[in-house]
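Reviewing the structure listed below.
None of these values were measured; they are calculated from a predicted model. Here, residue 1 is the first one in the sequence, and each next residue gets the next number. Read the numbers this way: they start at 1 and go in the same order the structure lists the ligands and their atoms.
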Amino acid sequence: MRVAYLGPPGTFSEEAVSRCDLTQGGEALPYSTFADAYDALLSRAVDAALLPIENSIEGAVSTVLDLLVLKPGPRIRREVLLPVRQHLLARPGTRLEDVRRVLSHPQPFGQCARFLRERLPQAALESQTSTAEAARKVAAGESAAAAIGSRAAADRYGLALLAESIQDSDENVTRFVLLAPSDEAPTGADRTSIAFTLDRDRPGGLHEVLGEFARRGINLSKIESRPTKRTMGHYVFYLDFEGHRAEPACAEALACVLGRVHTLWLLGSYPRAT
Ligand SMILES: O=C(O)C(=O)C[C@]1(C(=O)O)C=C[C@@H](O)C=C1
């Protein structure tokens, strides 16, 4: 399987590729942005794309949520839970007090907010396309800069760990989804992701949708909203629930939801990661 991920090599996304049963041993192809990896799947340059969707400290990876409804088509075939340890990486010999610039992907800045505030309050934070890209630039640049990223990135780009495990909480997990042309057959322990918009200004619309699941004893595991990007106050709701869309109770709930929403996107059913 050819799988697109956020590169260059050394990202957490690359590590997630090596942890997913379907992509292990396949051909992993690095792309510079989530949108590029997603487009590679749409154009069939790859068979799948593995993208982060949420983090236990920082929350939604909104770019990826937006892609799922702005360019619909790909289905979620797997979820992968990756424990994430963030480290401060710098060229060997750099001291913490020398660091004036910190480079990373925006997500790790949020995951390491306390460390940055307490230990590097003067440093400028510079967003990069990925943690590994940040490490690559720090390795190539001057010593006043550091990157936030993985141990694998430090090894690959010849950087030292200036501070270890700097995320706000020890429990730091990023959830990735493997997107493919179709989702997975039922396994008995599945999850389903959908997205929908509601008709505007109808009281109780969201409550009615949630009620279809509650009535059938279907456990919701996530709800998230994003702006539709068209009008202020109009949202796309993202919902995850336990069960497969082909199971009778879930199929019935989805049929009823279809009658209560403006637009429904079926994002896929896939085995639940533990
Ligand atoms: O920059 C990387 O290493 C990525 O794989 C991206 C990403 C993300 O966007 O969430 C993945 C996992 C971590 O939460 C930090 C960054």
Side-chain angles (χ1 to χ4, degrees), residues 3-20 23-24 26 28-41 46 48-68 76 78-90 101-116 125-140 145-157 159 161 163-179 222 224 226 238 273:
V3 57
Y5 73 97
L6 182 74
T11 58
F12 290 101
S13 298
E14 186 191 39
E15 193 179 336
V17 168
S18 70
R19 296 257 188 133
C20 175
T23 55
Q24 268 165 3
L29 299 162
Y31 286 83
S32 309
T33 66
F34 296 139
D36 288 345
Y38 193 89
D39 285 347
L41 174 60
V46 293
L50 193 68
L51 302 176
I53 198 155
E54 63 172 318
N55 171 267
S56 57
I57 297 177
E58 194 44 19
V61 182
S62 40
T63 314
V64 176
L65 287 180
D66 290 347
L67 285 166
L68 293 171
I76 303 177
R78 282 289 185 280
E79 64 175 357
V80 177
L81 298 176
L82 183 76
V84 168
R85 293 233 165 263
Q86 302 285 8
H87 308 292
L88 191 70
L89 320 177
R101 300 161 54 215
V102 181
L103 282 60
S104 198
H105 188 272
Q107 267 277 338
F109 287 141
Q111 294 169 24
C112 306
R114 193 186 313 130
F115 175 89
L116 291 169
L125 307 183
E126 299 179 17
S127 282
Q128 302 295 316
T129 51
S130 73
T131 55
E133 177 60 13
R136 198 189 61 74
K137 282 200 176 141
V138 166
I148 298 177
S150 67
R151 191 177 288 271
D155 293 345
R156 178 173 284 271
Y157 298 101
L159 296 175
L161 303 190
E164 293 188 37
S165 207
I166 61 169
Q167 66 284 335
D168 282 2
S169 150
D170 276 349
E171 168 83 22
N172 187 26
V173 176
T174 298
R175 178 174 169 235
F176 289 78
V177 288
L178 182 73
L179 299 168
K222 183 191 169 188
E224 185 85 49
R226 290 283 303 151
Y238 295 80

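- Residue contacts with ligand 1 for Phe34 involve side-chain atoms from C-beta outward but no N, CA, C or O (heavy atoms, distance under 4.0 Å).
- Atom CD1 in Ile166 sits 11.5 Å away from atom CZ in Arg85 (nearest 0.5 Å).
- Of all the heavy atoms of Leu6, the ones lying under 4.0 Å from any atom of ligand 1 belong exclusively to the side chain.
- Across the listed options Thr129, Ile148, Thr131, Thr131 owns the non-hydrogen atom lying nearest to atom 1 (O) of ligand 1.
- When each of Glu79, Glu58, Glu224 is checked for a salt bridge (Lys or Arg N to Asp or Glu O under 4.0 Å) with Arg175, only Glu79 meets the rule.
- Side chain of Gln167 to main chain of Gln86: a donor-acceptor pair is present (N/O by atom type, distance under 3.5 Å, no hydrogens or angles).
- In this structure, the side chain of Tyr38 engages the main chain of Leu67 through a donor-acceptor pair within 3.5 Å.
- Among the atoms of Phe12, some N or O lies under 3.5 angstrom from an N or O of ligand 1.
- Among all non-hydrogen protein atoms, the one lying nearest atom 4 (C) of ligand 1 is Ser13 OG, 3.5 Å.
- Counting protein heavy atoms only, atom 10 (O) of ligand 1 is closest to Gln107 CG, 3.5 Å.
- Short contacts between ligand 1 and His105, defined as distances under 4.0 Å to a heavy atom of the residue, involve ligand atoms 1 (O), 9 (O).
- Under the 4.5 Å side-chain criterion, counting only non-hydrogen atoms from C-beta, Leu88 is in contact with Ile148.
- Close placement of the His105 and Phe34 rings is indicated, their centers lying within 6.0 Å of each other.
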Could you check Thr63 against Asp66 for side chain to side chain donor-acceptor pair (under 3.5 Å), going step by step and ending with a plain yes or no? CA-CA 5 Å; Thr63 314; Asp66 290 347; over 6 Å; no

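- Listed by number with element, the atoms of ligand 1 under 4.0 Å from a non-hydrogen atom of Thr174 are 12 (C), 13 (C), 14 (O).
- Counting protein heavy atoms only, atom 7 (C) of ligand 1 is closest to Pro52 CG, 4.4 Å.
- Distances below 4.0 Å separate heavy atoms of Thr11 from the following atoms of ligand 1: 2 (C), 3 (O), 5 (O).
- Taking 4.0 Å as the cut-off, Glu14 does not count as a neighbour of ligand 1 on heavy-atom distance.
- Looking at Ser130 against ligand 1, both its backbone and its side chain come within 4.0 Å, counting heavy atoms.
- Judged purely by atom type and a 3.5 angstrom limit, Glu14 uses its side chain to pair as donor or acceptor with the backbone of Gly10.
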